[in-house]
Amino acid sequence: MFIQQDRYKTNAQLAEKCGKSQSTIERRVKFLKGAGLITRIGAKKTGYWQVNSPV
């Protein structure tokens, strides 16, 4: 998972790395957040992603 490698990645950077559109990445991030698998820590620009372990 790219977020685990660099938790400061933006959606645009993730989209480029995955070869997907930014809207696809945003949709998938929204799903992961809703499932409780990732959490955004801090502000939009200066924050980072925390990957939570599945329960």
Side-chain angles (χ1 to χ4, degrees):
M1 182 180 242
F2 296 126
I3 294 175
Q4 287 178 317
Q5 294 171 358
D6 182 4
R7 59 188 186 175
Y8 293 97
K9 290 267 187 212
T10 64
N11 286 345
Q13 291 169 329
L14 290 171
E16 185 178 325
K17 182 103 172 164
C18 295
K20 303 288 182 186
S21 70
Q22 191 167 344
S23 61
T24 298
I25 297 300
E26 290 170 1
R27 204 170 33 253
R28 291 181 181 182
V29 164
K30 183 178 179 180
F31 171 80
L32 292 171
K33 283 171 50 177
L37 296 174
I38 60 173
T39 305
R40 184 71 180 176
I41 306 297
K44 246 182 165 177
K45 281 190 150 191
T46 59
Y48 61 91
W49 292 107
Q50 176 181 325
V51 178
N52 305 322
S53 56
V55 178

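These numbers come from the heavy atoms of this one structure, side chains and all, not from hydrogens, waters or symmetry mates.
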Taking side chain as C-beta onward, heavy atoms only, is Phe2 less than 4.5 Å from Lys9?
-> no
In residues 11-19, what donor-acceptor pairs under 3.5 Å come from side-chain atoms, sequence neighbours left out?
| residue | atom | partner | partner atom | Å |
| --- | --- | --- | --- | --- |
| Gln13 | OE1 | Thr10 | N | 2.9 |
| Gln13 | OE1 | Thr10 | OG1 | 3.4 |

Rounded at 0.5 Å granularity, tell me how far [atom1] in [X] sits from [atom2] in [Y].
{"X": "Gln50", "Y": "Arg7", "atom1": "CD", "atom2": "CZ", "result": "8.0 Å"}
{"X": "Lys20", "Y": "Ile25", "atom1": "NZ", "atom2": "CD1", "result": "8.0 Å"}
{"X": "Ser23", "Y": "Arg28", "atom1": "OG", "atom2": "CZ", "result": "10.0 Å"}
{"X": "Ile41", "Y": "Thr46", "atom1": "CD1", "atom2": "OG1", "result": "12.0 Å"}
{"X": "Leu32", "Y": "Ile38", "atom1": "CG", "atom2": "CD1", "result": "4.5 Å"}

Do Val51 and Ile3 pass the side chain to side chain contact (heavy atoms under 4.5 Å, CB included) test, and can you show the C-alpha distance, the side-chain angles, and the key distance before you say yes or no?
-> CA-CA 8 Å; Val51 178; Ile3 294 175; 3.8 Å; yes
Keeping to residues at least two apart or across chains, list the ring pair (Phe, Tyr, Trp, His ring centres under 6.0 Å) pairs with something in residues 3-37.
->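 Checked against ring pair (Phe, Tyr, Trp, His ring centres under 6.0 Å) - neighbours excluded - the pairs reaching residues 3-37 are Tyr8-Tyr48.
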